[in-house]
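Following: one structure in structure tokens, then a few remarks.
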There are 2 protein chains.
Amino acid sequence: MARAAGVSQATVSLVLGEKWSGRVSERTAEAVRAAARELGYRPNLAARSLRLGRTRTALLVVPALTTEFFARVYTGAERVAAGHGFGVVLYPSPEGVGPARDPFDPARASLDGVIASSMAADALAAVRGGGLPLVMLDSDPDDAAAAATVNLDIADGARQAAAHLLALGHRRVAHLAAAVDSWTFRVRARALAEAVGEVPGATVCAEPAGLSVEEGRQAAERVLGRPGPRPTALVCDDDILAAGACKAARRLGLRVPDDISVTGFDDLALATAVDPELTTVRLPAEAVGAAGMRALLTLLDGETPQDTTLPVELIPRASTAPPPAN
Amino acid sequence: MARAAGVSQATVSLVLGEKWSGRVSERTAEAVRAAARELGYRPNLAARSLRLGRTRTALLVVPALTTEFFARVYTGAERVAAGHGFGVVLYPSPEGVGPARDPFDPARASLDGVIASSMAADALAAVRGGGLPLVMLDSDPDDAAAAATVNLDIADGARQAAAHLLALGHRRVAHLAAAVDSWTFRVRARALAEAVGEVPGATVCAEPAGLSVEEGRQAAERVLGRPGPRPTALVCDDDILAAGACKAARRLGLRVPDDISVTGFDDLALATAVDPELTTVRLPAEAVGAAGMRALLTLLDGETPQDTTLPVELIPRASTAPPPAN
DNA sequence: CTGAAAGCGCTTACAG
DNA sequence: CTGAAAGCGCTTACAG
């Protein structure tokens with residue numbers, strides 16, 4: 001205890017907590033700071049939490065940390081949290097096999113709030129009822145369980161992709177749809193269908209695919225191998241799927257983008273690692289995390305955060321071109 | 001407090017802490033459990049930490065969370081931690097611009113130990129001197145600061161890549177070397193040079209590259225565009241660099257693997273997302289995280305963990321082949 | 001301007 | 001077998 005080196009416990013707390021102005025003399029304050037520096041003193045957070053009844057810790061529930069996208073969401077949330085003396089604890093859904101873990105051990109009891117992605121619905125179910133303030137990410141804004149929602153303008157992104165392809169002259173588009181029952185993917189499907197439906201003679205058909213390169217490749221091979229006129233463009237629900245679609249095209253002897261155009265969603269590093277580089281809808285993952293954390297902080301302040309919808313942007317690259325003359 | 005619903009505080013603590021056998025009657029124990037269930041009682045972790053002087057929290061220091069590799073390291077560490085009632089807090093090094101954050105705010109004071117990657121050296125410097133138990137990942141085993149080290153057999157991986165290429169008939173290999181001053185990359189360079197040096201007439205030249213697809217591409221273009229006999233194989237320090245190398249080859253009109261072979265390190269999802277799929281040295285990232293956490297737990301038990309070296313495996317895929325006849 | 005005291009919710013000897 | 005009490009290190013009224 002820094003008390004040994006000067007004054008009383010209360011004074012130390014005041015000075016180090018920046019609440020001393022007009023209550024402690026400048027001389028004393030400086031003495032306290034010097035002693036703290038000397039001793040390398042750090043306040044005990046457990047004691048502070050106990051006293052304050054808050055832990056300044058948030059739980060981020062994500063489907064899996066091994067995907068670049070959610071790693072970035074975390075990064076954004078964490079940065080904002082740090083600026084407010086908050087910490088973010090991750091709760092990645094148990095992926096694959098393995099015993100389901102208790103999300104509250106050891107987190108729950110020392111949590112102030114939860115930020116959750118709609119894709120981590122299962123994990124979230126365990127957290128529900130905790131009565132903790134909840135901010136949902138990329139989710140149905142009408143979900144009553146969430147005190148606030150931070151969304152991406154996903155529908156607009158799907159429309160931008162459709163408009164890009166339509167303007168290029170494509171009329172037969174296939175949608176490689178993520179086989180995940182989540183609000184964000186339903187929105188993509190609906191917006192895409194509507195946008196394409198507005199152009200006479202244009203059609204979309206949807207093909208479900210698990211979220212992996214391999215399953216994307218298989219789904220694309222199904223679509224492209226089907227009898228009847230072949231689609232000239234593949235709109236994929238994310239970049240991973242799009243990478244799989246490109247592999248499928250190549251296997252079938254089709255060139256991207258000359259014979260078939262491909263678009264993705266996310267703009268992961270993968271989008272520019274593959275060749276040709278992917279035309280994709282960039283989702284500002286870090287901004288999502290940051291906005292989620294801000295909303296949670298607002299909630300903890302007893303105020304009502306505004307629902308946010310972040311804009312989204314199509315990045316045209318080398319995987320799209322006019323359809324083959326034929 | 002569950003006390004209201006039954007007995008004394010001490011009894012509740014004993015029962016819920018599974019320390020009651022022979023000290024509390026079965027009847028009382030059951031009554032306590034029932035009451036806890038009823039009230040949805042959760043012990044306050046801050047109070048427990050304060051009392052026990054331990055927080056059951058570890059800090060994982062990594063260079064950046066946005067890379068799939070470290071996301072997996074975290075996943076492994078987290079899984080082990082959870083099995084022991086421990087939490088893992090991430091401290092990603094400040095990447096790019098932005099104010100350097102204080103790694104101790106709010107983590108430090110409530111940390112029991114640190115697990116750190118050698119690639120996060122800068123961030124670690126801030127943590128040093130904290131006097132916390134430290135487990136280093138993929139680092140120089142002679143580093144005195146670490147109480148334990150968890151390593152990958154990186155040298156063997158480099159040797160496997162070299163042997164694979166040499167067996168295929170390659171004699172001129174170039175090394176796209178990560179431009180990061182870290183033990184793990186120095187080991188790769190040395191092991192590769194030694195392995196190639198053992199074969200008469202075989203040569204390696206190293207070309208530094210920043211760890212991105214774009215910088216990998218540029219470095220590969222420098223190597224391949226140089227006057228004199230062109231290398232027939234490119235050994236890259238990671239998969240990202242290898243993806244860049246493949247793009248460079250294609251830009252120069254060279255086919256992978258017919259004209260030039262490429263290998264990577266890591267075996268990220270990226271390795272099979274690109275076309276052709278990458279021959280690469282698979283590093284068991286999750287196992288590294290898990291072993292790191294186990295070592296830290298051993299340390300916290302007052303025992304001395306053994307240094308670990310995890311085996312590594314070359315995965316031959318489509319980016320390597322015999323050199324062109326010529 | 002500064003200090004003594006209470007109390008946050010636990011766990012762990014110590015009595016009984 | 002069970003309870004009363006101390007104490008972990010803070011912060012915040014409350015005195016002085």
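Protein chains get the first letters and strands the later ones, always in sequence-line order, with residue 1 at the start of each. Atom set for the values below is all heavy atoms of this structure, side chains included, hydrogens, waters and symmetry mates excluded.
- Nearest to the side-chain atoms of B/Arg51 among the listed nucleotides D/dC1, D/dT12, D/dG7 stands D/dG7.
- Residues forming a salt bridge (Lys or Arg N to Asp or Glu O under 4.0 Å) with B/Arg294 (at least two apart in sequence, or on another chain): none.
- For A/Thr309, the side chain to side chain contact (heavy atoms under 4.5 Å, CB included) partners are A/Asn151, A/Asp153, not counting sequence neighbours.
- Distances shown here put a side-chain N or O of B/Thr11 below 4.0 Å from the OP1 or OP2 atom of D/dG3.
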So what is the 5' to 3' dot-bracket string for DNA chain C, if pairs are Watson-Crick or G-U wobble with both distances under 3.5 Å, crossing pairs use [ ] and | means the partner sits on another strand?
|||.||||||||.|||
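- With sequence neighbours left out, the side chain to side chain contact (heavy atoms under 4.5 Å, CB included) criterion links B/Ser182 to B/Ser118, B/Met119, B/Val180, B/Thr184, B/Phe185.
- Residues passing the side chain to side chain contact (heavy atoms under 4.5 Å, CB included) test with B/Arg186 are B/Asp181, B/Trp183, sequence neighbours excluded.
- Residue whose closest nucleotide on DNA chain D sits further toward the 5' end, between B/Leu14 and B/Ala47: B/Leu14.
- Scanning for side chain to side chain contact (heavy atoms under 4.5 Å, CB included) contacts around B/Ala287 gives B/Pro284, B/Leu310, with sequence neighbours left out.
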